[in-house]
Amino acid sequence: MSFPTQRPRRLRQSPGLRALARETRLHPEQLVAPLFVTAGEGRSKAITSMPGHAQLSCDLAVREAEALWGLGIRSFLLFGLPDVKDDEGSGAWDPAGPVPTALRALRGALPSSVLMADVCVDEYTSHGHCGVLRPRRDGVLDVDNDATVERLARISTVYAAAGADVVAPSDMMDGRVGAIRRALDADGWSDVVLLSYAVKYASAFYGPFREAADCAPKFGDRAGYQMDPANAREAIREVELDIAEGADMVMVKPALAYLDIIRAVRDAVNVPVAAYNVSGEYAMLHAAARNGWLDLERSVRETLLSIRRAGADIIVTYHARDIAKALG
Ligand code: PBG
């Protein structure tokens with residue numbers, strides 16, 4: 001009888017040995033917590049498809065961020081919900097809108113937090129698309145790339161002036177990273193970081209977010225600007241373009257159905273890579289856990305570890321509060 005000399009199980013014997021051999025770790029400082037901010041005061045409206053999350057007025061968003069800060073979360077990503085929407089999404093560049101207001105309040109309450117602002121007009125347009133519309137050659141309405149880019153640049157300077165450390169364009173227009181960088185620099189905001197949603201797929205997993213931010217397109221879909229889920233090489237093209245245009249960090253979104261893309265992007269570039277663990281990915285685990293089909297804490301941990309193992313340095317996740325508590 002011969003015994004194996006290589007015994008991987010030797011390193012699994014005890015919690016101490018397992019911790020020494022562990023390759024990937026989760027830490028609250030790697031996580032970014034999204035917040036949905038509305039106008040007004042004392043307003044909290046639960047988002048039914050995202051248990052534990054709500055649309056919050058600025059005062060309550062500050063309270064929520066303080067609670068997260070207490071758990072070790074240092075970074076926040078703000079989405080704004082205006083009271084009125086229009087064709088152009090002009091609420092997005094209103095310095096008195098929910099995002100600039102929340103940025104100022106959060107800066108006061110948590111001076112050393114990292115404040116990120118999502119830059120897009122879809123929460124602000126009456127039609128729900130991520131840009132200004134104009135008819136294509138065939139008469140069908142489409143998002144006008146360059147007219148939209150001008151507005152994104154303007155929104156970014158408003159958010160920078162309100163105190164954003166990071167602006168994060170999520171629209172997928174061509175050339176927006178360069179335009180935003182130039183606009184920021186021209187206004188004296190050369191220190192504002194640009195986190196590009198470089199690789200954003202036209203995904204079914206954004207479903208609950210569209211309830212959260214009331215931004216489902218009123219007609220058509222986003223396939224004319226977001227990426228085709230079938231494409232991987234195109235992801236590398238998108239990140240290379242965004243980095244050439246001045247992106248400081250790049251994001252892949254969603255995360256779970258795109259772990260291969262996170263790995264490919266991590267291997268292709270040398271800037272920090274973020275992954276967005278999106279609303280549908282959050283809702284799936286909660287729905288299964290509510291039915292008693294999954295252990296929520298274990299499945300959240302395993303999910304976030306998989307995203308880190310695939311190569312993400314940073315994870316934007318609605319699980320931030322729960323996992324920070326569990327890690328604490
Ligand atoms: C668009 C935007 C979306 C998300 C973040 N920014 C929605 C979309 O493209 O429809 C989705 C986030 C999520 O599902 O958690 N501004």
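Values in this document were obtained by computation on a predicted structure and should not be read as measured data. Start at 1 and go down the list; that is how both ligands and their atoms are numbered. Worth knowing before you read on, the calculation uses all heavy atoms, side chains too, and leaves out hydrogens, waters and symmetry mates. For reference, positions follow the sequence shown, starting with 1.
Nearest heavy-atom pair, Pro229 versus Tyr201, reported as atom, atom and distance to 0.1 Å: CA-CD2, 3.5 Å.
In terms of polar-atom proximity, Ser279 is counted as a contact of ligand 1, with an N or O under 3.5 Å from an N or O of the ligand.
Using a 4.0 Å cut-off to heavy atoms of Lys253, the atoms of ligand 1 that qualify are 2 (C), 3 (C), 4 (C), 5 (C), 6 (N), 11 (C), 12 (C). Listed by number with element, the atoms of ligand 1 under 4.0 angstrom from any heavy atom of Glu123 are 16 (N). Shown in contact with Gln226 at under 4.0 Å from a heavy atom are these atoms of ligand 1, numbered in order with element: 8 (C), 9 (O). Interface atoms of ligand 1 facing Tyr276, defined by a heavy-atom separation under 4.0 Å, are 12 (C), 15 (O). Listed by number with element, the atoms of ligand 1 under 4.0 angstrom from any heavy atom of Tyr318 are 12 (C), 13 (C), 15 (O). Under a 4.0 Å criterion applied to the non-hydrogen atoms of Arg210, ligand 1 contributes the atoms 8 (C), 9 (O), 10 (O). Heavy-atom contacts of Asp122 reach the following atoms of ligand 1: 1 (C), 16 (N) (cutoff under 4.0 Å). The Cys120 neighbourhood of ligand 1 comprises atoms 16 (N), with distances under 4.0 Å to a heavy atom of that residue.
Ion pairing between a basic and an acidic side chain is recognised when a charged N comes within 4.0 Å of a carboxylate O; Arg181 and Asp242 show no such pairing. Asp142 and Arg137 are not joined by a salt bridge, as no carboxylate oxygen comes within less than 4.0 angstrom of a charged side-chain nitrogen.
At most 12 heavy atoms of other shown residues, nucleotides or ligands fall within 6.0 angstrom of atom CZ in Phe205. Counting non-hydrogen atoms of other residues, nucleotides and ligands closer than 6.0 Å to CZ of Arg63 gives a total of 12 or fewer.
Side chains of Glu29 and Ser75 form no contact here, defined as non-hydrogen atoms less than 4.5 Å apart.
For Asp171, no heavy-atom contact with ligand 1 is shorter than 4.0 Å.
Looking at Lys200, Met172, His129, it is Lys200 that brings a heavy atom closest to atom 2 (C) of ligand 1. Closest to atom 12 (C) of ligand 1 by heavy atom, among Phe79, Phe209, Tyr201, Tyr124, is Phe209.
In terms of hydrophobic clustering, with Ile, Leu, Val, Met, Phe, Trp and Tyr side chains grouped at heavy-atom distances under 4.5 Å, Ile262 and Leu26 are assigned to a common cluster.
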